[in-house]
Amino acid sequence: MKRTHNCGELRKNDENKNVTLSGWVHKYRNLGGLLFFDLRDRYGITQVIFDPAKVSQDIIELASKCRNEFVVSIDGVVKVKPDANRNLATGEIEIDANNIKIENESITPPFNFLKGRSDAKEELRLEYRYLDLRSEVMTRNLILRHKVTMATRNFLSEKGFLEIETPTFTKSTPEGARDYLVPARLFPGSFYALPQSPQIFKQLLMVSGMDKYFQIARCYRDEDARGDRQPEFTQIDIEASFVDENYIFSLTEGLMHQIFSESMGIEIPVPFERIPYSVSMEEYGVDKPDLRFGLKLKNITDITRNSEFGVFKNAECVKFIAVEGKEDLSRKQIGKYEDYAKHLGAKGLAFVKLVDGKFEAGIEKFLTDDDKRTIIELAEVNGNAMIFFGADRTSTVNKVLGGLRNRFGNELGLTDPKDFKFCWVTDFPMFEYNEEADRWDAMHHMFTMPKEEDIDKIENDPGNVLSKSYDLVLNGVELASGSVRIHDRDIQEKIFKRLDLTNEEIEDKFGFMLKAFKYGAPPHAGIAPGLDRLLQVMTGEETIREVIAFPKAKSLNCPLTKAPSEVSQDQLDELNISVKKK
RNA sequence: GGUCCGGUAGUUCAACUGGUUAGAGCACCUGCCUGUCACGCAGGAAGUUGCGAGUUCGAGUCUCGUCCGGACCGCCA
């Protein structure tokens with residue numbers, strides 16, 4: 001028996017066709033006489049019926065042995081059902097079986113996935129991932145992933161981009177995340193590093209004149225995992241020569257438009273709003289604002305300078321967030337938000353209730369009439385509201401109120417997962433001060449072009465140097481990061497110097513790159529959207545793991561293969577490695 | 001590395017302040033059932049309450065340790 005159709009394609013107008021279907025028994029219903037199967041493959045589900053009035057006793061006996069997840073093939077005739085099942089695409093028809101072959105039996109699965117999603121905990125789903133992927137939702141997610149990568153390849157290829165592979169065994173470079181290392185057998189004591197991104201290679205390809213490059217590239221970073229972070233993940237890596245940031249903006253906007261259009265039938269409005277980093281931090285408290293809702297942070301530092309209230313008077317920054325309709329929060333509920341604020345670094349969470357145009361409770365008695373007037377003016381609320389204040393160092397205020405803003409966005413139901421709001425965050429600072437190491441680090445990376453007007457500040461005023469870098473943000477998720485690159489050796493050396501890299505370090509780590517740049521490096525710019533995060537937002541999934549076929553668990557192990565695992569002494573000896581036992 | 005939440009039948013969960021024989025849905029097994037479509041009905045089997053100590057007359061429940069999973073902080077150019 002060889003299948004003639006899949007389990008998702010037969011319809012009313014196929015009536016009376018002789019067909020053969022193969023698939024898994026999704027659900028069997030034995031009525032004693034009549035016997036029904038829901039037969040499933042990745043295309044869909046089709047009902048099969050065995051009628052003892054029409055087929056031999058042998059076949060009925062064989063069919064009645066089948067259990068869920070048995071693999072079977074069935075010969076039969078397409079019939080229109082007396083009553084259609086509206087829950088199935090094939091619900092108007094069924095296969096009136098005249099023969100069955102059990103291709104393979106299945107032991108009882110550890111969980112069910114009858115309603116589209118597995119009904120087990122994630123740990124178990126990952127251990128039996130091959131079963132979990134049979135579920136409707138996971139199958140749909142993997143199909144969408146394929147559509148997105150195909151749309152990406154088609155779009156970029158049409159625009160003249162070449163897909164070029166770069167090495168996964170490469171050189172460890174300083175800064176950034178921790179590298180995954182691979183011992184080099186022929187070079188005892190030396191290691192390859194898995195790439196955190198193909199950054200250096202794609203810039204070298206620009207020197208090669210490849211002009212427009214892209215790659216669906218696997219990247220590796222040895223840091224703790226999160227819902228939106230895996231140790232290995234996939235980027236749509238893009239670089240182009242003789243272009244500026246505006247080219248990258250419109251290219252990426254076109255790419256996102258095509259991806260949503262081709263894979264989901266959604267027309268995303270372009271161009272995307274551009275928000276300078278400083279504005280984003282001021283109004284949203286974060287560098288990846290969720291634009292699906294307002295709830296902007298309001299700065300009242302100017303008026304609180306003269307406040308009688310010590311907490312406000314002495315703070316570097318005072319901002320508030322006015323949450324409409326939340327003025328009836330209980331003391332206990334407010335405590336819950338205060339705990340959250342403390343978790344984010346706040347010392348406390350001052351609040352005041354705005355009820356019928358008047359302030360009540362909380363820090364009401366510390367506010368002057370002038371303060372209240374200003375707050376009402378800035379708050380821009382219709383009706384009553386709960387107002388939360390942050391008063392601390394600017395970075396802490398932003399962290400706390402930015403976090404609360406996102407939390408309220410969620411709790412107030414303002415974050416519709418079907419609402420896709422893109423924006424660009426631009427003009428990031430070039431450097432950020434690393435207190436622990438007492439030095440300046442590159443905020444994006446050290447090949448990022450500073451703004452021309454800021455170049456002479458690099459040496460003495462690094463904190464005020466802005467760069468030609470940009471992030472693409474979708475619904476509060478950082479989807480992509482990119483920049484115009486430095487193609488001028490002098491500027492590059494200035495940056496290296498500012499980052500306190502010695503000549504020896506520069507030569508050792510980047511000598512090959514600087515050498516390449518002596519042979520005519522074109523001006524170039526690029527970007528790298530994260531494929532997994534894009535799919536996470538598109539599918540509305542809670543974690544990136546739901547759009548990856550075989551993800552690692554949060555602790556970075558693989559419940560399916562049990563990797564990582566110890567290796568034999570022989571393997572270690574060959575690699576000249578001795579292991580410290582804990 | 002830190003804070004918090006969780007681990008009870010194959011599975012998802014329940015078990016009030018410590019107190020009888022640890023329960024239910026789904027799955028599984030047996031029987032009945034000719035239009036079900038999450039079929040139905042009747043019955044059955046199924047437990048080292050993650051692991052190890054401790055407190056107690058008595059621990060799923062309280063304490064300590066440990067392992068595993070998750071969320072957040074740190075970290076992630």
Side-chain angles (χ1 to χ4, degrees), chain A residues 26-39 45-54 60 67-69 79 81-88 90-92 94 96 107-128 131 173-179 196-197 199-200 219-231 233 336 339-346 399-400 403 406-407 428-432 434 436 440-448 467 469 471 478 481-483 495 499 528 530 542-543 545 553-557 559:
Chain A
H26 189 62
K27 185 74 187 159
Y28 69 95
R29 291 179 289 277
N30 189 341
L31 270 60
L34 292 176
L35 177 57
F36 296 93
F37 280 1
D38 287 337
L39 194 64
I45 290 175
T46 299
Q47 175 165 289
V48 179
I49 177 171
F50 291 86
D51 186 345
K54 296 179 184 165
I60 294 291
R67 291 296 179 267
N68 291 344
E69 300 310 312
K79 294 288 180 193
K81 291 177 59 173
D83 296 303
N85 179 356
R86 283 186 211 149
N87 299 321
L88 292 182
T90 62
E92 288 188 323
E94 66 191 353
D96 198 354
I107 59 172
T108 304
F111 52 78
N112 301 314
F113 34 83
L114 292 179
K115 278 187 282 183
R117 222 178 246 281
S118 304
D119 62 357
K121 289 200 185 91
E122 196 180 6
E123 190 181 356
L124 201 65
R125 290 176 53 209
L126 290 179
E127 183 179 344
Y128 295 92
L131 296 182
T173 53
E175 286 203 80
R178 196 177 293 113
D179 283 322
Q196 296 181 26
S197 80
Q199 184 61 36
I200 288 174
C219 306
Y220 307 87
R221 294 175 193 180
D222 188 2
E223 299 291 348
D224 290 0
R226 281 292 164 77
D228 63 352
R229 261 164 37 193
Q230 282 271 299
F233 60 100
K336 200 178 65 177
D339 288 346
Y340 180 63
K342 284 178 177 169
H343 191 60
L344 294 176
K399 173 138 209 157
V400 170
N406 282 331
R407 186 163 166 172
F428 281 82
M430 183 74 203
F431 304 100
E432 62 188 339
N434 180 337
E436 212 176 299
W440 292 88
D441 288 343
M443 192 157 176
H444 183 55
H445 59 58
M446 57 188 86
F447 313 113
T448 301
S467 69
S469 63
D471 279 4
E478 182 193 317
S481 223
S483 63
I495 301 289
L499 297 173
E542 292 288 319
T543 81
R545 298 186 290 271
K554 221 202 90 159
S555 54
L556 303 188
N557 69 328

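Just so we're on the same page: letters track the sequence lines, and every chain starts at 1.
In summary, A:R545 and A:E122 engage in a salt bridge, as defined by a charged side-chain N under 4.0 Å from a carboxylate O. A:D38 and A:R29 are joined by a salt bridge, as a carboxylate oxygen and a charged side-chain nitrogen come within less than 4.0 angstrom of each other.
Counting non-hydrogen atoms under 4.0 angstrom, A:L35 reaches nothing in the nucleic acid. No engagement by A:D339 is indicated, since no non-hydrogen atom pair under 4.0 Å with the nucleic acid exists. Within 4.0 Å (heavy atoms only), A:K399 reaches sugar-phosphate atoms of the nucleic acid but no base atom. No engagement by A:G91 is indicated, since no non-hydrogen atom pair under 4.0 Å with the nucleic acid exists. Contact annotation for A:E123: backbone-only contact, meaning every heavy-atom pair under 4.0 Å involves sugar-phosphate atoms and none involves a base. A:P82 comes within 4.0 angstrom of a nucleotide base, judged by non-hydrogen atoms across all strands. A:L114 comes within 4.0 angstrom of no nucleic acid atom, judged by non-hydrogen atoms across all strands. A:D119 comes within contact range of the sugar-phosphate backbone alone, with a heavy-atom separation under 4.0 Å but no base atom that close.
Partner assigned to B:rU61 is none, using Watson-Crick or G-U wobble distances below 3.5 angstrom. The partner of B:rA22, taking Watson-Crick or G-U wobble pairs whose two distances both stay under 3.5 Å, does not exist in any strand shown. Base-pair partner of B:rC29: B:rG43 (Watson-Crick or G-U wobble, both distances under 3.5 Å). Pairing partner, B:rG6: B:rC68, with both Watson-Crick or wobble hydrogen-bond distances short of 3.5 Å. The partner of B:rC37, taking Watson-Crick or G-U wobble pairs whose two distances both stay under 3.5 Å, does not exist in any strand shown.
Between atom CD of residue A:Q196 and atom OH of residue A:Y220 there is a gap of 12.5 Å, rounded to the nearest 0.5 Å. For the atom pair OG1 of A:T46 and CG of A:L39, the computed distance is 7.0 Å after rounding to the nearest 0.5 Å.
Of the listed nucleotides (B:rA38, B:rG70, B:rG1), B:rG70 has the atom at the smallest distance from the side chain of A:A553. For A:R29, the side-chain atoms get nearest to B:rU36 when compared with the rest of B:rU36, B:rU12, B:rG69. Here the side chain of A:Q47 is nearest to one of B:rG70, B:rU34, B:rU36, namely B:rU36. In this structure, the nucleotide among B:rU36, B:rG69, B:rC28 sitting nearest to the side chain of A:S555 is B:rG69.
Nucleotides B:rC41 and B:rA22, compared at atom P, are 27 Å apart to the nearest Å. Remark: the separation of the C1' atoms in B:rU12 and B:rG6 is 14 Å, to the nearest Å. Remark: the separation of the C1' atoms in B:rC72 and B:rG10 is 32 Å, to the nearest Å. On the P atoms, B:rU61 is 27 Å away from B:rG1, given to the nearest whole Å. Between B:rG50 and B:rG69, the two C1' atoms lie 11 Å apart (nearest whole Å). Of the C1' atoms belonging to B:rU56 and B:rA46, the separation is 32 Å, rounded to the nearest Å. Taking atom C1' on both B:rC13 and B:rG60, the two are 14 Å apart, rounded to the nearest angstrom. B:rG65 and B:rG23: their C1' atoms are spaced 31 Å apart (whole Å).
The CZ atom of A:R125 sits 13 Å away from the C1' atom of B:rG70 (whole-angstrom rounding). Distance CG (A:N112) to P (B:rC26): 11 Å, rounded to an integer number of Å. For A:R117 and B:rU12, the CZ to C1' distance is 16 Å, given to the nearest whole Å. For the pair A:R67 CZ and B:rC28 P, the computed distance is 7 Å after rounding to whole Å. Counting to the nearest Å, the C1' atom of B:rU36 and the NZ atom of A:K81 are 8 Å from each other. In this structure, CG of A:D38 is placed 10 Å from C1' of B:rA38, rounded to the nearest angstrom. Going from atom CD1 of A:I107 over to atom P of B:rC29 covers 12 Å, rounded to whole Å. The nearest whole Å value for the distance from the CZ atom in A:R229 to the C1' atom in B:rC75 is 6 Å.
The phosphate of B:rC5 (OP1 or OP2) has no side-chain N or O of A:K121 nearer than 4.0 angstrom. Taking side-chain N and O atoms only, A:R226 has a distance below 4.0 Å to OP1 or OP2 of B:rC73. Between A:N30 and B:rG40 there is no side-chain polar atom (N or O) within less than 4.0 angstrom of OP1 or OP2.
With hydrogens and angles ignored, no donor-acceptor pair under 3.5 angstrom links the side chain of A:R545 to the base of B:rG70. For A:D51 against B:rG35, no side-chain N or O and base N or O form a donor-acceptor pair under 3.5 Å. No N or O donor and acceptor, one from the side chain of A:K27 and one from the base of B:rA38, sit under 3.5 Å apart. Contact of A:H343 with B:rC73 (side chain to base): no donor-acceptor pair of N or O atoms is detected under 3.5 Å.
Using a 5.5 Å limit on the distance between ring centres and a 30° limit on the angle between planes, the aromatic ring of A:F36 counts as stacked on the six-membered base ring of B:rU36.
Taking for each of A:N87 and A:E94 the nucleotide of RNA chain B with the nearest heavy atom, the 5'-most of the two is the partner of A:E94. Where A:Q199 and A:P52 meet RNA chain B, the nucleotide closest to each residue was compared, and A:P52 sits on the side nearer the 5' end.
No side-chain heavy atom of A:T90 sits less than 4.5 Å from a side-chain heavy atom of A:Q47. Residues A:F431 and A:L499 are in side-chain contact: their nearest non-hydrogen atoms beyond the backbone lie under 4.5 Å apart. Between A:L34 and A:P52, some side-chain heavy-atom pair lies under the 4.5 Å cut-off.
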**OP:** Could you walk me through whether A:R221 and A:S197 pass side chain to side chain contact (heavy atoms under 4.5 Å, CB included), step by step?
**Re:** CA-CA 9 Å; A:R221 294 175 193 180; A:S197 80; 4.2 Å; yes
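Other residues, nucleotides and ligands contribute only 12 or fewer heavy atoms inside 6.0 Å of the CD atom of A:E542.
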